[in-house]
Amino acid sequence: MTIGGVARFWREIPQRYNLIGKQCGSCGRIYFPPRESCPYCRRKSIGKMRDIKLSGKGEIVTYTVIHVAPHNFEGQVPYPIAIVQLEEGPRITAQIVDCKIEDVKIGMKVEYTFRRIQEDGYTGAIYYGYKFKPCQQKQNHQ
Amino acid sequence: MEQIGIVSYGADIPRYRIKVEEIASVWGKNGEDIKRGLGINEKSVPSLDQDTATISVEAARAALKRCNIDPKNIGAIYIGSESHPYAVKPTGTIVGEAIGATPNLMVADYEFACKAGTAAIQTCNGLVKAGMIEYGLAIGADTAQAAPGDALEYSAAAGGAAFIIGKKDVIATINHTYSYTTDTPDFWRREGRKYPAHGGRFTGAPAYFKHITNCSKNLMKIAGTKPEDYNYAIFHQPNGKFPVTAAKMLGFSYDQIKQGLLCPIIGNTYSGSSLLGLASVLDVAKPGDKIFLTSYGSGAGSDSFDITVTDKINDLSRKNAPSVAQLIENKEYINYGTYAKFRDILYWE
Amino acid sequence: MRDVAIIGIGITKFGELWDKSFRQLIAEAGSKAIIDAGIEGKEIDAIYVGSMSAGRFIGQEHVGALVADSSGFAHLHIPAIRVESACASGGLALRQGYLSVASGMNDIVVVGGIEKMSDVGGTAATETLATAADQEWEAFFGATFPGIYAMIATKHMHDYGTTREQLAQVAVKNHANGALNPNAQFRREISLDTVIKAPPVAQPLGLLDCSPVSDGAASLILCPAEKAKKYTDKPVKIIGSGQASDTLALHARDSICTFNSTVYAARMAYKQAKKTPKDIDVAEVHDCFTIAEIIAIEDLGFVEKGEGGKAIDNNITTLDGSLPVNTSGGLKAKGHPVGATGVAQVVEIVTQLRGEAEKRQVKDATIGLAHNVGGCGASCIVHILEAM
């Protein structure tokens, strides 16, 4: 069954593909997902929220391993999912991939990677976005 | 003469692997016989969340990490694959958006069996040469399909490489390129069909070898070169044996092809095959190195390239992205059941 | 503001009630409460009913009118209001009913809570519950509702040394209590080992760390406190009502292990009641998962932050402890028909304060607290009740 409603996904492409957040032009705080106004500066921030591309590097704050998954994720169980604190401050929820489940730990350094997140049934659109994988530390030490 | 060629490159290979003997055991075959027959030990497998678009994006991002090119200056993206995630709807738009190259951008998806990626390089090369674009992004990537139990199941793998083509800070000039094309139905997948079919042994002499050797010879004639002029040679790798035989037929040594020969350890990555070989060579290449490349796409055709590595390769931040060797090293084995699930062989909705 | 009392309670059995429809359940709970209070239909000024997602569970919206109709009040044209705050819908229905009586606008108000969850499959039920989380930024990426609570558990274990066994103890305790509650979905004791060895749902949480999918309804009758004795010998006064909100997504909060919505709602309720956590004799807290009870008793001030895991070993929250928690069996054993839960919690507290809880009766209980959470702490409603 296809649900449709691709616009709901399409309008989030900048965030889902490229981690485009918002920075408050008044206080400098960074938000992801983007906010229309800064909760701290409120009216002062309206019209001053600027796009900012986040680096996609961060650290695991906490995590779990999902064994009972929603329909669209059943093929992937068991899969780790974590709250990741990005370098710039915002925290986001995302799957952790490209490592052994038992290697996922609080404090682990991760970076974003581009993956399929969901598909809308057998005939519907494919939705892409971010997941996180362990940082390629090896290269950094070369 | 102005230099046109590769300005940066990147690769991506999914980390799951399945061993040939694991597949063989499911179909009641002797794994050792098949490994010997195909020259393949294991192949890469995409997970459920990977496809040609994700591999292309990761490879393109790796290429961008290694250089200082503003993605907005990329004027064209061509992606060659026979496993585009959509039959209708381009992969290139996904990649363009994901690397920040939209919207002033030419995009098209290519299909020419396993040589669509080299065709993309030729297109970008031409557009740069004509002055129509500053940089072009050419990608060859696949998550190749194989029917369960078919001989292709041992080889059909996943991976891809991306090349930024331009004329500023060129790390490897494309001196000559030439294509050899005929209508030869050795391998195909019909519209709407899930798995490809092939002509069995017909894929050898009249198809792969005829096109690879004629294309290579003609290019060397144009370039005025001989096999021994090259430090490295890469031939399309449908299995571990064909490229070795082709090299021998043309007069190249095993030493010249071994750096780019990846099929024995990751399988045939189709549109990614010869391009991952090229990426592997660029990982270790030094200024002045000469590289020879001939791809092959069933149906059929070959694209040959005469490439020279420049001093600029030392300025490229190669370590900013994983090398092909690192991508190959980072692996996790799966069994056939998991493979069947990942490859959508077990259909469920 | 007038003081408000609860003069009637009604509850259905909780569980997989295959033969009972949404309409039958709400009518049963409502009529039990109305009969318990000894009121007439024509006395009712308004109906407030909490339902999280009738639209997804039974494909039916417009629940306010449906509840009035199912209860046989269509011809009386009573104002009927459906209230939604995810799993805190029931608690919020009570608060809205309470405010309407306290304000003087209404005298007799029926508060209901209901969910009929078993008419959809398990996966659909799980996905519906996940709509209480952030659909775009949590659920879209594969986070499930148990998964989000599991991330709290992982962090609590990491930061405070809470153990897998301590999580499991919550389920064991609440099952023991549920065994004493005739309306509970699970009326059997379970062992620590059974909880720990149950199939994993979202590590570290297993199947028996999770509240079940349930059907059920509960109802309360409110009236001005000054008129309460006219209807019942054992009225229970609402002495504090608090509500607070927080970010929809767990990741957007500075603290993973604290629900500030609980902290703020509790602060509001304690202040109004002029009580402190020490004054509470019995509490029903929102244990949708075992970890949820641990952080709830911390955030409500029953124990220090980080000490929640030890509350059972320290004989605090057990039935014979210093502050028994979830004597009904909690969401874990009594069942969790989401919209009904907040109302059912108050039914249990009223039962305790009336001294009618039989085998699970907390001795001399006069002040009780009910704590109802929506989503992963994006909403919280706290009520403090006192026997009159």
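All chains are named by letter (A, B, ...) in the order of the sequence lines, taking the proteins before the strands, and each is independently numbered beginning at 1.
Contact detail for C:V373 and C:F259: the closest heavy-atom pair is CG1-CE1, 4.1 Å. When every heavy atom of A:D98 is checked against every heavy atom of A:P134, the shortest pair comes out as O-CD, 3.6 Å. Considering every non-hydrogen atom in both C:A86 and C:G375, the closest pair reads CB-N, 3.7 Å. The minimum heavy-atom distance linking C:F141 with A:I81 is given by the pair O-CD1, 3.4 Å. When all heavy atoms of C:G178 and C:A184 are compared, the closest pair comes out as O-CB, 3.5 Å.
Contacts between A:I66 and chain C at a heavy-atom distance below 4.5 Å involve backbone atoms as well as side-chain atoms. Both the backbone and the side chain of A:V61 come within contact range of chain C, with heavy atoms under 4.5 Å apart. Neither the backbone nor the side chain of C:A153 comes within less than 4.5 Å of any heavy atom in chain A.
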Check against side-chain contact (heavy atoms from CB on, under 4.5 Å), A:C27 and A:C38: CA-CA 8 Å; A:C27 72; A:C38 169; 3.8 Å; yes

A:K48 vs A:C41, side-chain contact (heavy atoms from CB on, under 4.5 Å): CA-CA, chis, key distance, verdict: CA-CA 10 Å; A:K48 290 186 192 161; A:C41 303; over 6 Å; no

For a quick check, list the donor-acceptor atom pairs closer than 3.5 Å between chain A and chain C, or say none.
residue : atom : partner : partner atom : Å
A:R8    : NE   : C:E136  : OE2          : 2.4
A:R8    : NH2  : C:E136  : OE2          : 2.9
A:R16   : NH2  : C:E136  : O            : 2.7
A:R16   : NH2  : C:E136  : OE1          : 3.0
A:T62   : OG1  : C:M151  : O            : 2.5
A:T62   : OG1  : C:K155  : N            : 3.4
A:Y63   : O    : C:T154  : OG1          : 2.7
A:T64   : OG1  : C:Q203  : N            : 3.2
A:T64   : OG1  : C:Q203  : O            : 2.5
A:V65   : O    : C:Q203  : N            : 2.9
A:H67   : N    : C:V201  : O            : 2.8
A:H67   : NE2  : C:Q203  : NE2          : 2.7
A:V68   : N    : C:V201  : O            : 3.1
A:H71   : N    : C:E127  : OE2          : 2.8
A:Y79   : OH   : C:G142  : O            : 2.7
A:R91   : NH1  : C:R253  : O            : 3.2
A:R91   : NH1  : C:D254  : O            : 3.3
A:T93   : N    : C:H251  : ND1          : 3.2
A:T93   : OG1  : C:H251  : ND1          : 2.6
A:Q118  : NE2  : C:F140  : O            : 2.9

